[in-house]
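A short worksheet on the structure shown next.
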Protein chains: 2
Amino acid sequence: MNTFTEENYLKAIYHLSIKEESVSTNEIAASLSTKAASVTDMLKKLAEKGLINYTKYQGVTLTASGEKVALNIIRKHRLWEYFLVEKLNFKWDEVHDVAEELEHISSKELVDRLDDFMGNPKYDPHGDPIPDRNGKFKAYELKPVSTMEVNHTGVISGVREHSPAFLQYLEKQQLVIGKKIKIEEINSYDHSVILSVEDKRVHISREVANNLLIAL
Amino acid sequence: MNTFTEENYLKAIYHLSIKEESVSTNEIAASLSTKAASVTDMLKKLAEKGLINYTKYQGVTLTASGEKVALNIIRKHRLWEYFLVEKLNFKWDEVHDVAEELEHISSKELVDRLDDFMGNPKYDPHGDPIPDRNGKFKAYELKPVSTMEVNHTGVISGVREHSPAFLQYLEKQQLVIGKKIKIEEINSYDHSVILSVEDKRVHISREVANNLLIAL
DNA sequence: TAAAAAATTTAGATTAGTCTAAAAATTTAA
DNA sequence: TTAAATTTTTAGACTAATCTAAATTTTTTA
Ligand SMILES: [Mn+2]
Ligand SMILES: [Mn+2]
Ligand SMILES: [Mn+2]
Ligand SMILES: [Mn+2]
(Lines give C-alpha, C1' and ligand atoms only; values in the text may rest on other atoms or scores of the structure.)
(Ligands and ions follow the chains in the order given, each with its own letter.)
Protein backbone atom coordinates (compact mmCIF):
# COMPACT_ATOMS: atom_id res chain seq x y z
CA MET A 1 0.00 0.00 0.00
CA ASN A 2 2.26 2.79 1.24
CA THR A 3 5.94 2.29 1.88
CA PHE A 4 7.56 2.50 5.28
CA THR A 5 9.08 5.84 4.23
CA GLU A 6 5.82 7.31 2.95
CA GLU A 7 4.20 6.41 6.26
CA ASN A 8 6.94 8.21 8.16
CA TYR A 9 6.49 11.33 6.07
CA LEU A 10 2.73 11.34 6.62
CA LYS A 11 3.17 10.88 10.35
CA ALA A 12 5.73 13.69 10.51
CA ILE A 13 3.43 16.02 8.56
CA TYR A 14 0.55 15.13 10.86
CA HIS A 15 2.54 15.96 14.01
CA LEU A 16 3.89 19.20 12.53
CA SER A 17 0.38 20.21 11.42
CA ILE A 18 -0.72 20.48 15.04
CA LYS A 19 1.30 23.67 15.51
CA GLU A 20 0.54 25.33 12.18
CA GLU A 21 -1.88 25.14 9.31
CA SER A 22 0.66 24.43 6.61
CA VAL A 23 3.95 22.55 7.02
CA SER A 24 7.18 23.59 5.31
CA THR A 25 9.72 21.47 3.48
CA ASN A 26 12.48 22.39 5.90
CA GLU A 27 10.41 21.47 8.94
CA ILE A 28 9.73 18.05 7.51
CA ALA A 29 13.39 17.60 6.64
CA ALA A 30 14.44 18.51 10.18
CA SER A 31 11.84 16.27 11.75
CA LEU A 32 12.94 13.27 9.67
CA SER A 33 16.67 14.04 9.76
CA THR A 34 16.84 14.21 6.01
CA LYS A 35 17.51 16.90 3.42
CA ALA A 36 15.09 19.40 1.89
CA ALA A 37 15.78 18.04 -1.59
CA SER A 38 14.71 14.56 -0.54
CA VAL A 39 11.57 15.98 1.03
CA THR A 40 10.60 17.80 -2.16
CA ASP A 41 10.83 14.53 -4.09
CA MET A 42 8.68 12.72 -1.60
CA LEU A 43 6.11 15.52 -1.45
CA LYS A 44 5.60 15.16 -5.20
CA LYS A 45 5.00 11.47 -4.77
CA LEU A 46 2.58 11.88 -1.87
CA ALA A 47 0.66 14.58 -3.75
CA GLU A 48 0.51 12.27 -6.77
CA LYS A 49 -1.08 9.63 -4.54
CA GLY A 50 -3.62 12.09 -3.19
CA LEU A 51 -2.29 11.96 0.37
CA ILE A 52 -1.25 15.60 0.67
CA ASN A 53 -2.14 18.97 -0.79
CA TYR A 54 1.02 20.41 -2.20
CA THR A 55 1.74 23.55 -4.19
CA LYS A 56 5.34 24.35 -4.97
CA TYR A 57 6.92 26.66 -2.43
CA GLN A 58 3.67 26.82 -0.44
CA GLY A 59 4.06 24.01 2.06
CA VAL A 60 1.72 21.08 2.54
CA THR A 61 -1.37 19.90 4.36
CA LEU A 62 -2.70 16.36 4.65
CA THR A 63 -5.75 15.37 2.65
CA ALA A 64 -8.49 13.45 4.44
CA SER A 65 -7.02 10.27 3.06
CA GLY A 66 -3.49 11.21 4.15
CA GLU A 67 -4.71 12.05 7.63
CA LYS A 68 -6.40 8.70 7.86
CA VAL A 69 -3.15 6.92 7.06
CA ALA A 70 -1.24 9.07 9.55
CA LEU A 71 -3.75 8.42 12.33
CA ASN A 72 -3.55 4.71 11.71
CA ILE A 73 0.23 4.77 12.12
CA ILE A 74 -0.12 6.82 15.28
CA ARG A 75 -2.76 4.40 16.58
CA LYS A 76 -0.37 1.52 16.06
CA HIS A 77 2.56 3.38 17.57
CA ARG A 78 0.69 4.19 20.74
CA LEU A 79 -0.98 0.81 21.10
CA TRP A 80 2.37 -0.93 20.81
CA GLU A 81 3.89 1.45 23.36
CA TYR A 82 1.05 0.59 25.71
CA PHE A 83 1.63 -3.12 25.11
CA LEU A 84 5.36 -2.83 25.75
CA VAL A 85 4.84 -1.01 29.05
CA GLU A 86 1.79 -2.85 30.36
CA LYS A 87 2.51 -6.39 29.20
CA LEU A 88 6.26 -6.61 28.70
CA ASN A 89 7.35 -4.35 31.56
CA PHE A 90 9.30 -1.87 29.49
CA LYS A 91 9.87 1.55 31.06
CA TRP A 92 8.14 4.55 29.47
CA ASP A 93 11.47 5.88 28.25
CA GLU A 94 12.39 2.63 26.47
CA VAL A 95 9.44 2.11 24.16
CA HIS A 96 9.55 4.80 21.51
CA ASP A 97 12.20 3.36 19.20
CA VAL A 98 10.71 -0.12 19.23
CA ALA A 99 7.27 1.36 18.50
CA GLU A 100 8.78 3.26 15.56
CA GLU A 101 9.37 -0.14 13.97
CA LEU A 102 6.21 -1.88 15.12
CA GLU A 103 3.96 0.92 13.85
CA HIS A 104 4.69 -0.19 10.28
CA ILE A 105 3.37 -3.74 10.67
CA SER A 106 0.46 -3.69 8.28
CA SER A 107 -2.08 -6.22 9.56
CA LYS A 108 -5.27 -4.43 10.58
CA GLU A 109 -6.45 -7.61 12.26
CA LEU A 110 -3.35 -7.64 14.44
CA VAL A 111 -3.80 -4.08 15.67
CA ASP A 112 -7.47 -4.48 16.39
CA ARG A 113 -6.93 -7.72 18.30
CA LEU A 114 -4.05 -6.19 20.21
CA ASP A 115 -6.33 -3.30 21.09
CA ASP A 116 -8.97 -5.71 22.43
CA PHE A 117 -6.37 -7.84 24.22
CA MET A 118 -5.33 -4.81 26.23
CA GLY A 119 -8.88 -3.66 26.94
CA ASN A 120 -8.98 -0.82 24.41
CA PRO A 121 -6.77 1.66 26.24
CA LYS A 122 -7.47 5.32 25.60
CA TYR A 123 -4.03 6.77 26.38
CA ASP A 124 -0.47 5.63 25.80
CA PRO A 125 2.26 5.53 28.47
CA HIS A 126 3.07 9.18 27.87
CA GLY A 127 -0.52 10.34 28.19
CA ASP A 128 -1.05 10.71 24.44
CA PRO A 129 -4.49 9.66 23.16
CA ILE A 130 -4.80 6.41 21.17
CA PRO A 131 -7.05 6.76 18.10
CA ASP A 132 -9.68 4.02 17.94
CA ARG A 133 -10.19 1.84 14.88
CA ASN A 134 -12.08 4.66 13.19
CA GLY A 135 -9.38 7.20 13.90
CA LYS A 136 -11.37 8.93 16.64
CA PHE A 137 -9.72 9.98 19.88
CA LYS A 138 -10.06 12.44 22.67
CA ALA A 139 -6.97 14.23 23.94
CA TYR A 140 -6.82 15.27 27.56
CA GLU A 141 -7.09 18.99 28.01
CA LEU A 142 -3.73 19.83 29.44
CA LYS A 143 -1.66 22.73 30.67
CA PRO A 144 2.01 22.90 31.64
CA VAL A 145 2.95 22.94 35.33
CA SER A 146 4.63 26.28 34.58
CA THR A 147 1.20 27.91 34.26
CA MET A 148 0.01 26.79 37.70
CA GLU A 149 -0.10 28.94 40.80
CA VAL A 150 1.08 28.30 44.33
CA ASN A 151 -1.08 25.91 46.34
CA HIS A 152 -2.87 24.65 43.27
CA THR A 153 -3.00 20.89 42.73
CA GLY A 154 -3.26 18.74 39.64
CA VAL A 155 -2.73 15.30 38.19
CA ILE A 156 0.23 14.62 35.89
CA SER A 157 -1.32 13.59 32.59
CA GLY A 158 1.18 14.14 29.82
CA VAL A 159 4.58 15.34 28.67
CA ARG A 160 5.60 17.75 25.96
CA GLU A 161 8.92 16.11 25.35
CA HIS A 162 9.52 12.42 24.83
CA SER A 163 13.29 12.09 25.03
CA PRO A 164 14.50 9.20 27.19
CA ALA A 165 16.61 11.64 29.18
CA PHE A 166 13.60 13.74 30.13
CA LEU A 167 11.40 10.73 30.88
CA GLN A 168 14.08 9.12 33.02
CA TYR A 169 14.52 12.33 34.95
CA LEU A 170 10.79 12.56 35.62
CA GLU A 171 10.64 8.94 36.71
CA LYS A 172 13.47 9.46 39.17
CA GLN A 173 11.52 12.35 40.73
CA GLN A 174 8.36 10.19 40.78
CA LEU A 175 6.77 12.64 38.40
CA VAL A 176 4.88 10.05 36.37
CA ILE A 177 1.44 9.87 34.75
CA GLY A 178 -1.36 9.77 37.30
CA LYS A 179 0.54 11.28 40.22
CA LYS A 180 -1.11 14.13 42.06
CA ILE A 181 1.07 17.16 42.64
CA LYS A 182 0.75 20.42 44.55
CA ILE A 183 2.65 23.61 43.78
CA GLU A 184 4.50 24.66 46.92
CA GLU A 185 6.66 27.55 45.75
CA ILE A 186 7.51 29.38 42.56
CA ASN A 187 10.87 31.05 42.35
CA SER A 188 10.18 34.39 40.71
CA TYR A 189 13.80 34.85 39.66
CA ASP A 190 14.35 31.72 37.50
CA HIS A 191 10.75 30.45 37.40
CA SER A 192 11.75 27.13 38.89
CA VAL A 193 9.05 25.37 40.86
CA ILE A 194 8.97 23.45 44.10
CA LEU A 195 6.13 20.99 44.19
CA SER A 196 5.09 18.06 46.32
CA VAL A 197 4.38 14.55 45.12
CA GLU A 198 3.34 12.00 47.71
CA ASP A 199 4.61 14.15 50.60
CA LYS A 200 7.99 14.61 48.96
CA ARG A 201 9.17 18.02 47.84
CA VAL A 202 10.74 18.20 44.38
CA HIS A 203 12.48 21.18 42.85
CA ILE A 204 12.14 21.41 39.08
CA SER A 205 13.48 23.94 36.59
CA ARG A 206 11.35 26.20 34.46
CA GLU A 207 12.13 24.01 31.45
CA VAL A 208 10.86 20.89 33.18
CA ALA A 209 7.76 22.74 34.41
CA ASN A 210 7.10 23.75 30.83
CA ASN A 211 7.24 20.21 29.51
CA LEU A 212 5.26 18.50 32.25
CA LEU A 213 1.50 18.60 31.71
CA ILE A 214 -1.43 18.62 34.12
CA ALA A 215 -5.05 17.73 33.38
CA LEU A 216 -7.34 20.72 33.42
CA MET B 1 22.73 -4.36 10.68
CA ASN B 2 21.24 -6.54 7.91
CA THR B 3 18.43 -5.39 5.66
CA PHE B 4 15.01 -6.93 5.63
CA THR B 5 15.87 -8.55 2.29
CA GLU B 6 19.19 -9.98 3.46
CA GLU B 7 17.39 -11.54 6.42
CA ASN B 8 14.88 -13.17 4.10
CA TYR B 9 17.63 -14.64 1.96
CA LEU B 10 19.44 -16.06 5.00
CA LYS B 11 16.24 -17.57 6.33
CA ALA B 12 15.44 -19.14 2.94
CA ILE B 13 18.94 -20.59 2.70
CA TYR B 14 18.64 -21.97 6.22
CA HIS B 15 15.37 -23.74 5.45
CA LEU B 16 16.64 -25.11 2.13
CA SER B 17 19.84 -26.35 3.82
CA ILE B 18 17.85 -28.83 5.85
CA LYS B 19 17.26 -30.99 2.80
CA GLU B 20 20.69 -30.74 1.24
CA GLU B 21 24.23 -29.75 2.08
CA SER B 22 24.55 -26.99 -0.50
CA VAL B 23 21.76 -24.76 -1.79
CA SER B 24 21.44 -23.69 -5.43
CA THR B 25 20.70 -20.29 -6.90
CA ASN B 26 17.52 -21.51 -8.55
CA GLU B 27 16.17 -23.05 -5.35
CA ILE B 28 16.65 -19.76 -3.55
CA ALA B 29 15.00 -17.88 -6.41
CA ALA B 30 11.99 -20.20 -6.34
CA SER B 31 11.67 -20.02 -2.57
CA LEU B 32 11.73 -16.22 -2.58
CA SER B 33 9.69 -15.79 -5.76
CA THR B 34 12.46 -13.81 -7.39
CA LYS B 35 14.80 -14.37 -10.34
CA ALA B 36 18.10 -16.23 -10.44
CA ALA B 37 19.92 -13.08 -11.56
CA SER B 38 18.72 -11.22 -8.47
CA VAL B 39 19.81 -14.09 -6.27
CA THR B 40 23.32 -14.09 -7.72
CA ASP B 41 23.68 -10.40 -6.87
CA MET B 42 22.53 -10.95 -3.31
CA LEU B 43 24.78 -14.00 -2.84
CA LYS B 44 27.77 -11.85 -3.67
CA LYS B 45 26.73 -9.35 -1.09
CA LEU B 46 26.08 -11.94 1.62
CA ALA B 47 29.42 -13.63 0.89
CA GLU B 48 31.11 -10.24 1.12
CA LYS B 49 29.59 -9.82 4.58
CA GLY B 50 30.78 -13.24 5.70
CA LEU B 51 27.29 -14.64 6.09
CA ILE B 52 27.52 -17.39 3.47
CA ASN B 53 30.15 -19.51 1.76
CA TYR B 54 29.77 -18.96 -1.93
CA THR B 55 31.78 -20.10 -4.93
CA LYS B 56 30.47 -19.25 -8.36
CA TYR B 57 28.29 -21.99 -9.83
CA GLN B 58 28.78 -24.15 -6.72
CA GLY B 59 25.83 -23.21 -4.55
CA VAL B 60 25.99 -21.82 -1.02
CA THR B 61 26.10 -22.80 2.64
CA LEU B 62 25.59 -20.55 5.66
CA THR B 63 28.60 -19.58 7.73
CA ALA B 64 28.29 -19.84 11.52
CA SER B 65 27.51 -16.16 11.59
CA GLY B 66 24.90 -16.46 8.83
CA GLU B 67 23.24 -19.35 10.63
CA LYS B 68 23.09 -17.34 13.80
CA VAL B 69 21.26 -14.54 12.01
CA ALA B 70 18.88 -17.02 10.33
CA LEU B 71 18.07 -18.73 13.64
CA ASN B 72 17.33 -15.42 15.24
CA ILE B 73 14.82 -14.57 12.51
CA ILE B 74 13.23 -18.00 12.88
CA ARG B 75 13.11 -17.57 16.64
CA LYS B 76 11.25 -14.31 16.20
CA HIS B 77 8.92 -15.73 13.56
CA ARG B 78 7.86 -18.63 15.75
CA LEU B 79 7.59 -16.64 18.96
CA TRP B 80 5.33 -14.12 17.26
CA GLU B 81 3.21 -16.93 15.81
CA TYR B 82 2.86 -18.36 19.30
CA PHE B 83 1.88 -14.94 20.62
CA LEU B 84 -0.71 -14.43 17.91
CA VAL B 85 -2.35 -17.78 18.57
CA GLU B 86 -2.09 -17.94 22.35
CA LYS B 87 -2.67 -14.31 23.28
CA LEU B 88 -4.56 -12.76 20.39
CA ASN B 89 -6.69 -15.76 19.41
CA PHE B 90 -5.55 -16.03 15.84
CA LYS B 91 -6.05 -19.42 14.19
CA TRP B 92 -2.94 -21.43 13.26
CA ASP B 93 -3.60 -20.84 9.56
CA GLU B 94 -3.77 -17.04 9.97
CA VAL B 95 -0.44 -16.25 11.57
CA HIS B 96 2.28 -16.91 9.04
CA ASP B 97 2.02 -13.75 6.95
CA VAL B 98 1.86 -11.47 9.96
CA ALA B 99 4.87 -13.26 11.46
CA GLU B 100 6.75 -12.72 8.19
CA GLU B 101 6.58 -9.01 8.98
CA LEU B 102 7.07 -9.19 12.73
CA GLU B 103 10.19 -11.36 12.44
CA HIS B 104 12.12 -8.36 11.14
CA ILE B 105 11.56 -6.16 14.18
CA SER B 106 15.08 -5.75 15.45
CA SER B 107 14.86 -5.19 19.22
CA LYS B 108 16.49 -8.10 21.04
CA GLU B 109 15.00 -6.84 24.26
CA LEU B 110 11.52 -7.09 22.78
CA VAL B 111 11.90 -10.70 21.67
CA ASP B 112 13.40 -11.85 24.92
CA ARG B 113 10.70 -10.15 26.97
CA LEU B 114 8.02 -11.54 24.71
CA ASP B 115 9.54 -14.99 25.21
CA ASP B 116 9.38 -14.59 28.99
CA PHE B 117 5.87 -13.10 28.87
CA MET B 118 4.64 -16.28 27.21
CA GLY B 119 6.54 -18.60 29.54
CA ASN B 120 9.34 -19.52 27.13
CA PRO B 121 7.39 -21.80 24.81
CA LYS B 122 9.38 -24.55 23.10
CA TYR B 123 7.18 -25.11 20.04
CA ASP B 124 5.19 -22.83 17.77
CA PRO B 125 1.54 -23.40 16.78
CA HIS B 126 2.61 -25.71 13.95
CA GLY B 127 4.82 -27.87 16.14
CA ASP B 128 8.06 -26.29 14.94
CA PRO B 129 10.73 -25.76 17.61
CA ILE B 130 11.45 -22.24 18.86
CA PRO B 131 15.19 -21.51 19.19
CA ASP B 132 16.06 -20.04 22.60
CA ARG B 133 18.01 -16.79 22.97
CA ASN B 134 21.23 -18.69 22.26
CA GLY B 135 19.84 -20.27 19.11
CA LYS B 136 19.47 -23.70 20.73
CA PHE B 137 16.38 -25.79 20.15
CA LYS B 138 15.21 -29.34 20.12
CA ALA B 139 12.96 -30.53 17.30
CA TYR B 140 10.46 -33.26 17.97
CA GLU B 141 11.39 -36.53 16.32
CA LEU B 142 8.59 -36.95 13.86
CA LYS B 143 7.32 -39.29 11.20
CA PRO B 144 4.47 -38.86 8.72
CA VAL B 145 1.17 -40.61 9.37
CA SER B 146 1.73 -42.34 6.01
CA THR B 147 4.48 -44.47 7.59
CA MET B 148 2.26 -45.80 10.39
CA GLU B 149 0.64 -49.20 10.47
CA VAL B 150 -2.89 -50.29 11.25
CA ASN B 151 -3.84 -50.15 14.93
CA HIS B 152 -0.84 -48.01 15.82
CA THR B 153 -1.48 -44.80 17.75
CA GLY B 154 0.34 -41.52 17.93
CA VAL B 155 0.10 -37.84 18.87
CA ILE B 156 -0.12 -35.18 16.16
CA SER B 157 2.97 -33.03 16.63
CA GLY B 158 3.72 -31.24 13.42
CA VAL B 159 2.94 -30.55 9.79
CA ARG B 160 5.09 -30.67 6.69
CA GLU B 161 3.09 -28.06 4.85
CA HIS B 162 2.04 -24.70 6.21
CA SER B 163 -0.43 -23.44 3.61
CA PRO B 164 -3.61 -21.96 5.09
CA ALA B 165 -5.64 -24.35 2.92
CA PHE B 166 -3.96 -27.41 4.41
CA LEU B 167 -4.10 -26.11 7.97
CA GLN B 168 -7.77 -25.18 7.64
CA TYR B 169 -8.54 -28.63 6.29
CA LEU B 170 -6.77 -30.28 9.24
CA GLU B 171 -8.57 -28.08 11.72
CA LYS B 172 -11.92 -28.97 10.24
CA GLN B 173 -11.09 -32.68 10.73
CA GLN B 174 -9.93 -31.95 14.30
CA LEU B 175 -6.46 -33.04 13.26
CA VAL B 176 -4.59 -30.48 15.33
CA ILE B 177 -1.39 -30.48 17.38
CA GLY B 178 -1.68 -32.60 20.51
CA LYS B 179 -4.55 -34.82 19.36
CA LYS B 180 -4.11 -38.56 19.75
CA ILE B 181 -4.93 -40.62 16.67
CA LYS B 182 -5.19 -44.31 15.86
CA ILE B 183 -4.80 -45.85 12.40
CA GLU B 184 -7.93 -47.83 11.61
CA GLU B 185 -7.47 -48.83 7.99
CA ILE B 186 -5.04 -48.27 5.17
CA ASN B 187 -6.37 -48.46 1.64
CA SER B 188 -3.77 -50.40 -0.26
CA TYR B 189 -4.94 -49.07 -3.62
CA ASP B 190 -4.57 -45.32 -3.15
CA HIS B 191 -2.74 -45.33 0.23
CA SER B 192 -5.45 -43.26 1.82
CA VAL B 193 -5.85 -43.70 5.56
CA ILE B 194 -8.82 -43.99 7.86
CA LEU B 195 -7.94 -42.97 11.38
CA SER B 196 -9.79 -42.13 14.55
CA VAL B 197 -9.53 -38.93 16.53
CA GLU B 198 -11.59 -38.62 19.68
CA ASP B 199 -13.89 -41.49 18.66
CA LYS B 200 -14.51 -39.98 15.24
CA ARG B 201 -13.34 -41.70 12.08
CA VAL B 202 -11.61 -39.51 9.51
CA HIS B 203 -10.61 -40.49 6.01
CA ILE B 204 -7.51 -38.71 4.72
CA SER B 205 -5.69 -38.95 1.41
CA ARG B 206 -2.15 -40.20 0.97
CA GLU B 207 -1.01 -36.62 0.45
CA VAL B 208 -2.49 -35.48 3.73
CA ALA B 209 -1.04 -38.53 5.52
CA ASN B 210 2.33 -37.57 4.13
CA ASN B 211 2.18 -34.04 5.45
CA LEU B 212 0.79 -34.77 8.89
CA LEU B 213 3.44 -35.66 11.47
CA ILE B 214 3.36 -37.85 14.56
CA ALA B 215 5.79 -37.83 17.49
CA LEU B 216 8.00 -40.89 17.63
C1' DT C 1 33.17 -37.31 -24.90
C1' DA C 2 31.03 -33.87 -27.61
C1' DA C 3 26.51 -31.79 -28.28
C1' DA C 4 22.35 -30.28 -26.12
C1' DA C 5 20.05 -28.81 -22.11
C1' DA C 6 19.94 -26.65 -17.83
C1' DA C 7 21.76 -23.67 -14.43
C1' DT C 8 24.16 -19.67 -13.32
C1' DT C 9 26.33 -15.35 -13.99
C1' DT C 10 27.01 -10.91 -16.30
C1' DA C 11 25.42 -6.74 -18.65
C1' DG C 12 22.54 -3.16 -18.80
C1' DA C 13 18.05 -1.01 -17.14
C1' DT C 14 14.64 0.50 -13.71
C1' DT C 15 12.61 2.18 -9.24
C1' DA C 16 12.68 4.08 -4.47
C1' DG C 17 15.03 6.82 -1.60
C1' DT C 18 18.78 9.52 -0.67
C1' DC C 19 22.54 13.09 -1.33
C1' DT C 20 25.24 17.60 -2.92
C1' DA C 21 25.45 21.55 -5.59
C1' DA C 22 23.29 24.87 -8.28
C1' DA C 23 19.22 27.44 -9.77
C1' DA C 24 14.89 29.65 -8.79
C1' DA C 25 11.35 31.57 -5.84
C1' DT C 26 9.96 33.73 -1.69
C1' DT C 27 10.64 36.41 2.35
C1' DT C 28 13.00 39.90 5.00
C1' DA C 29 14.80 44.02 5.74
C1' DA C 30 17.50 48.08 4.52
C1' DT D 1 11.05 48.60 -3.28
C1' DT D 2 15.16 46.67 -4.37
C1' DA D 3 18.92 43.87 -2.58
C1' DA D 4 20.22 40.25 0.58
C1' DA D 5 19.03 36.24 3.02
C1' DT D 6 16.44 32.24 3.28
C1' DT D 7 13.76 28.60 1.55
C1' DT D 8 12.63 25.48 -1.88
C1' DT D 9 13.17 23.13 -6.09
C1' DT D 10 15.86 21.08 -9.87
C1' DA D 11 19.75 18.56 -11.81
C1' DG D 12 22.63 14.95 -11.63
C1' DA D 13 24.62 10.98 -8.94
C1' DC D 14 24.63 7.01 -5.85
C1' DT D 15 22.95 2.55 -3.45
C1' DA D 16 19.90 -1.45 -2.80
C1' DA D 17 17.04 -4.47 -4.93
C1' DT D 18 14.99 -5.91 -8.78
C1' DC D 19 14.27 -7.29 -13.83
C1' DT D 20 15.20 -9.16 -18.92
C1' DA D 21 18.29 -10.75 -22.18
C1' DA D 22 22.60 -12.47 -23.35
C1' DA D 23 26.84 -14.93 -22.21
C1' DT D 24 29.11 -18.49 -19.71
C1' DT D 25 29.65 -22.68 -17.07
C1' DT D 26 28.12 -27.06 -15.58
C1' DT D 27 25.49 -31.15 -16.15
C1' DT D 28 23.18 -34.49 -18.81
C1' DT D 29 22.76 -37.63 -22.36
C1' DA D 30 23.30 -39.78 -26.54
MN1 LIG E 1 6.56 7.26 20.87
MN1 LIG F 1 3.96 7.78 23.27
MN1 LIG G 1 5.24 -19.39 9.71
MN1 LIG H 1 5.10 -21.86 12.28
Side-chain angles (χ1 to χ4, degrees), chain A residues 1-14 16-17 19-62 66 69-70 73 100-101 103-106, chain B residues 1-14 16-17 19-62 66 69-70 73 100-101 103-106:
Chain A
M1 179 67 188
N2 300 300
T3 67
F4 188 101
T5 311
E6 287 168 348
E7 291 183 346
N8 282 338
Y9 272 86
L10 292 171
K11 183 171 55 122
I13 295 166
Y14 179 91
L16 293 167
S17 296
K19 295 187 179 172
E20 336 135 82
E21 172 60 24
S22 171
V23 179
S24 76
T25 301
N26 265 356
E27 284 168 330
I28 298 169
S31 137
L32 293 173
S33 304
T34 184
K35 297 301 158 74
S38 309
V39 173
T40 300
D41 280 350
M42 181 57 83
L43 295 183
K44 286 182 195 161
K45 187 162 34 140
L46 294 174
E48 193 65 41
K49 293 179 97 176
L51 296 164
I52 61 172
N53 304 112
Y54 170 56
T55 341
K56 264 192 190 183
Y57 294 101
Q58 299 314 135
V60 295
T61 57
L62 291 175
V69 175
I73 306 299
E100 284 290 303
E101 288 188 59
E103 72 189 7
H104 300 288
I105 301 294
S106 59
Chain B
M1 179 66 189
N2 301 301
T3 67
F4 188 101
T5 310
E6 287 168 347
E7 291 184 345
N8 281 337
Y9 271 84
L10 292 172
K11 183 170 57 120
I13 295 167
Y14 179 91
L16 293 168
S17 296
K19 297 187 178 172
E20 336 135 82
E21 172 60 23
S22 171
V23 179
S24 77
T25 301
N26 266 354
E27 285 169 328
I28 298 168
S31 137
L32 292 173
S33 304
T34 183
K35 297 301 158 71
S38 309
V39 174
T40 300
D41 280 350
M42 182 56 84
L43 295 184
K44 287 181 195 162
K45 187 163 35 141
L46 294 174
E48 193 64 43
K49 294 179 98 175
L51 296 164
I52 60 172
N53 304 114
Y54 170 56
T55 343
K56 264 194 190 180
Y57 295 101
Q58 298 314 134
V60 295
T61 57
L62 291 175
V69 175
I73 307 299
E100 285 290 304
E101 287 187 60
E103 71 189 7
H104 300 288
I105 302 294
S106 60

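Numbers restart at 1 for each chain; the letters A, B, ... are given by sequence-line order, proteins then strands. What you see is a predicted model, and the numbers here were worked out from it, not measured in a lab.
Of the residues in residues 32-40 of chain A, Thr34(A), Lys35(A), Ala37(A), Ser38(A) come within less than 4.0 Å of DNA chain C through at least one heavy atom, sorted by number.
Per the geometry, CG belonging to Leu43(A) stands 11 Å off P belonging to dT10(D), to the nearest Å. Between the CD1 atom of Ile28(B) and the P atom of dT8(C) there is a distance of 9 Å, given to the nearest Å. Between Phe4(A) atom CZ and dA16(C) atom P there is a gap of 17 Å when expressed in whole angstrom units. Taking atom CE of Met42(B) as the reference point, atom P of dT8(C) lies 17 Å away to the nearest angstrom. Rounded to whole angstrom, the span from the CD atom of Glu27(B) across to the P atom of dT8(C) amounts to 8 Å.
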Step-by-step side-chain hydrogen bond (donor to acceptor under 3.5 Å, both in side chains) determination, Glu101(A) to Ser106(B): CA-CA 8 Å; Glu101(A) 288 188 59; Ser106(B) 60; 2.6 Å; yes

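Between Asn26(B) and dA6(C) there is no side-chain N or O to OP1 or OP2 distance below 4.0 Å. Taking side-chain N and O atoms only, Lys44(B) has a distance below 4.0 Å to OP1 or OP2 of dT10(C). For dT9(D), one of the phosphate oxygens OP1 or OP2 lies less than 4.0 angstrom from a side-chain nitrogen or oxygen of Thr25(A). Between Tyr54(A) and dT9(D) there is a side-chain N or O to OP1 or OP2 distance below 4.0 Å.
Leu32(A) CG to Thr5(A) OG1: the interatomic distance, rounded to the nearest 0.5 Å, is 9.5 Å. Here Thr25(B) contributes atom OG1 and Tyr54(B) contributes atom OH; the two are 5.5 Å apart, rounded to the nearest 0.5 Å. If you take CD1 on Ile13(B) and CD1 on Ile52(B), they are separated by 5.0 Å, rounding to the nearest 0.5 Å.
In plain terms, the two heavy atoms of Leu62(A) and Ala70(A) that are nearest each other are CD1-CB, 4.2 Å. Thr61(A) and Glu21(A) make their closest contact through CG2-O, 3.6 Å (heavy atoms, listed as atom of the first residue, atom of the second, distance).
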Short heteroatom pairs, N/O only, protein and nucleotides 22-25 of chain D, under 3.5 Å:
{"from": "dT24(D)", "atom 1": "O2", "to": "Tyr57(B)", "atom 2": "OH", "distance (Å)": "3.4"}
{"from": "dT25(D)", "atom 1": "O4'", "to": "Tyr57(B)", "atom 2": "OH", "distance (Å)": "3.3"}

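Considering only heavy atoms from C-beta on, Tyr9(B) comes within 4.5 Å of Thr34(B) through its side chain. Side-chain atoms of Val60(B) and Ile28(B), non-hydrogen and from C-beta on, do get closer than 4.5 Å to each other. Side-chain contact check for Leu10(B) versus Tyr14(B): every heavy-atom pair is 4.5 Å or farther apart.
Listed candidates were dT18(D), dA16(D), dT18(C). Nearest to the side chain of Tyr9(B) is dT18(D).
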